[in-house]
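All figures in this text were calculated on a predicted structure; none of them were measured in a lab. Hydrogens, waters and symmetry mates are skipped; everything else that's a heavy atom, side chains included, is used. Lettering follows sequence order; numbering is per chain, from 1.
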Amino acid sequence: MDTILQLLALIAVITGTFFSVVGVVGLVRLPDVYTRLHATGKVGVFGVVLLLVAAVLWAPLGWGKALLLIVLLMVAGPVTAHAIASAAYRLGIPMKDAVRDDLESERKKME
Amino acid sequence: MATILITTLYISLTIHIFLIGIAVWRVWRGENSIDRLISTDLVTTLMLAVLVLISLILRDSIYIDVALGLGALSFIGTVALAKFLADEKMF
């Protein structure tokens, strides 16, 4: 039983680290603010949550707190990304090679 | 089996610390303030990951409480800073 849990924890840690690497590479490589937000969201939700899944599987008697932290991250991740994106849009930061801008009418009304 | 897991945990810990270095470099280089805010948010999330890894390596669940506190505070700080940057007023 124990080795199965350790095997699952091993897989969770490896995929969690993979997503963290992908998120940071996205942060460095992507052209403008909004796409970079897309990358950092991955790290916050996928990377850490998968590590927490490993913590739930393998760590001794801390699995309740780890589940609570998973719920917190699942809620807090998208909210911070949305707050930053709306702040960037209100600051008028340009989108690089954007195909369409849904909030264009709102921006006209603001000026 | 356990030794494989512990070595992968150590490798993952070094990878995360290297990623924190990249994110801090990204904070320093950020074009505008929102870029720096995104990178700071990423640095705190990666620190969260490092805390969880430490709690796995030392097999002590107190670090998950620390990660919980860090997760809650960094969430509030990021949202407050985003609102301040956009509206020039906090509340």
Side-chain angles (χ1 to χ4, degrees), chain A residues 2-7 9-10 13-14 16-18 20-21 23-25 27-28 32-34 36-37 39-41 43-45 47-52 54-56 58-66 68-69 72-73 75-77 79-91 93, chain B residues 1-2 4-6 8-9 11-13 15-16 18-23 25-26 29-35 37-39 41-42 44-46 48-53 55-56 58-65 67-68 70-72 74-87:
Chain A
D2 205 17
T3 55
I4 299 168
L5 283 183
Q6 283 169 359
L7 188 68
L10 182 70
V13 167
I14 289 172
T17 323
F18 169 70
S20 298
V21 170
V24 174
V25 165
L27 177 82
V28 171
D32 70 343
V33 173
Y34 304 96
R36 244 173 249 136
L37 260 179
T40 49
V43 173
V45 173
V48 183
V49 163
L50 281 173
L51 291 180
L52 281 164
V56 167
W58 194 48
L61 75 155
W63 59 274
K65 290 179 269 195
L68 184 64
L69 191 49
L72 170 73
L73 282 172
V75 169
V79 171
T80 43
H82 178 75
I84 297 175
S86 71
Y89 192 78
R90 255 181 278 138
L91 272 177
I93 291 174
Chain B
M1 191 59 198
I4 303 170
L5 188 54
I6 288 177
T8 42
L9 284 176
I11 293 167
S12 166
L13 190 63
I15 290 174
H16 277 286
F18 179 64
L19 293 182
I20 286 180
I22 295 178
W25 168 76
R26 190 71 199 130
R29 197 191 75 103
E31 287 102 22
N32 45 40
S33 55
I34 293 286
D35 251 337
L37 175 60
I38 293 175
S39 313
D41 184 31
L42 184 65
T44 40
T45 316
L46 286 169
L48 210 75
V50 165
L51 274 172
V52 173
L53 281 169
S55 88
L56 273 170
L58 301 181
R59 297 192 60 71
D60 184 358
S61 76
I62 192 69
Y63 295 100
I64 302 217
D65 299 345
L68 200 63
L70 176 64
S74 78
F75 162 62
I76 295 171
T78 310
V79 171
L81 193 55
K83 177 158 169 42
F84 176 72
L85 283 177
D87 297 351

- For B/T78, is it the side chain, the backbone, both or neither that has a heavy atom under 4.5 Å from a heavy atom of chain A? side chain
- Message: Please evaluate residues A/L51 and B/H16 with respect to the criterion side chain to side chain contact (heavy atoms under 4.5 Å, CB included), reporting the C-alpha separation (whole Å), side-chain torsions for both, the decisive distance (0.1 Å), and the verdict.
- Response: CA-CA 12 Å; A/L51 291 180; B/H16 277 286; 3.8 Å; yes
- Give, as side chain, backbone, both or neither, the part of B/L51 having an atom under 4.5 angstrom from any heavy atom of chain A. neither
- Note on the structure: Taken in chain and number order and not counting sequence neighbours, the residues that satisfy salt bridge (Lys or Arg N to Asp or Glu O under 4.0 Å) with B/R59 are none
- Item | Minimal non-hydrogen separation, A/L52 against B/I64, with atom names | CD2-CD1, 4.4 Å
- Item | Side chain / backbone / both / neither for A/L91 at chain B, heavy atoms under 4.5 Å | side chain
- Item | Residue B/L68 versus chain A: region with a heavy atom under 4.5 Å | both
- Message: Please classify the contact between B/L46 and chain A as side chain, backbone, both or neither, with a heavy-atom cut-off of under 4.5 Å.
- Response: side chain
- Item | Region of B/I15 in contact with chain A, defined by heavy-atom distances below 4.5 Å | side chain
- Interface moiety of A/V25 toward chain B, non-hydrogen atoms closer than 4.5 Å: neither
- Item | Between CG on residue A/D32 and CD1 on residue B/I34, distance to nearest 0.5 Å | 12.5 Å
- Message: Under a 4.5 Å cutoff for heavy-atom pairs, which residue among B/I11, B/L19, B/L48 has the most contacts with chain A?
- Response: B/L19
- Measure A/L72 against the heavy atoms of chain B and call it side chain, backbone, both or neither at under 4.5 Å. side chain
- Task: Compare every heavy atom of A/I84 with every heavy atom of B/I38, then report the nearest pair and how far apart it is.
- Result: CG1-CG2, 3.7 Å
- Closest non-hydrogen contact found for A/V48 with B/A49 is CG2-CB, 4.0 Å
- Proximal component of B/L70, with respect to chain A [non-hydrogen, under 4.5 Å]: neither
- Heavy-atom contact with chain B under 4.5 Å, split by part of A/L73: side chain
- Message: Testing the basics here: between B/A2 and A/Q6, what is the closest heavy-atom pair and its distance to 0.1 Å?
- Response: N-OE1, 3.6 Å
- chain A interface, residue from B/I4, B/T8, B/N32, B/D41 that has the most non-hydrogen pairs under 4.5 Å: B/N32
- Query: Heavy-atom distance under 4.5 Å to chain B: side chain of A/A54, backbone, both or neither?
  - Reply: both
- If you tally heavy-atom pairs under 4.5 Å between each of B/L5, B/V52, B/L37 and chain A, the highest tally belongs to B/L5
- Task: Can you see which heavy atom on B/L56 is nearest to which on A/W58, and at what distance?
- Result: O-CZ3, 3.6 Å
- Item | Inter-residue atom distance A/T80.OG1 - B/I76.CD1, 0.5 Å rounding | 12.0 Å
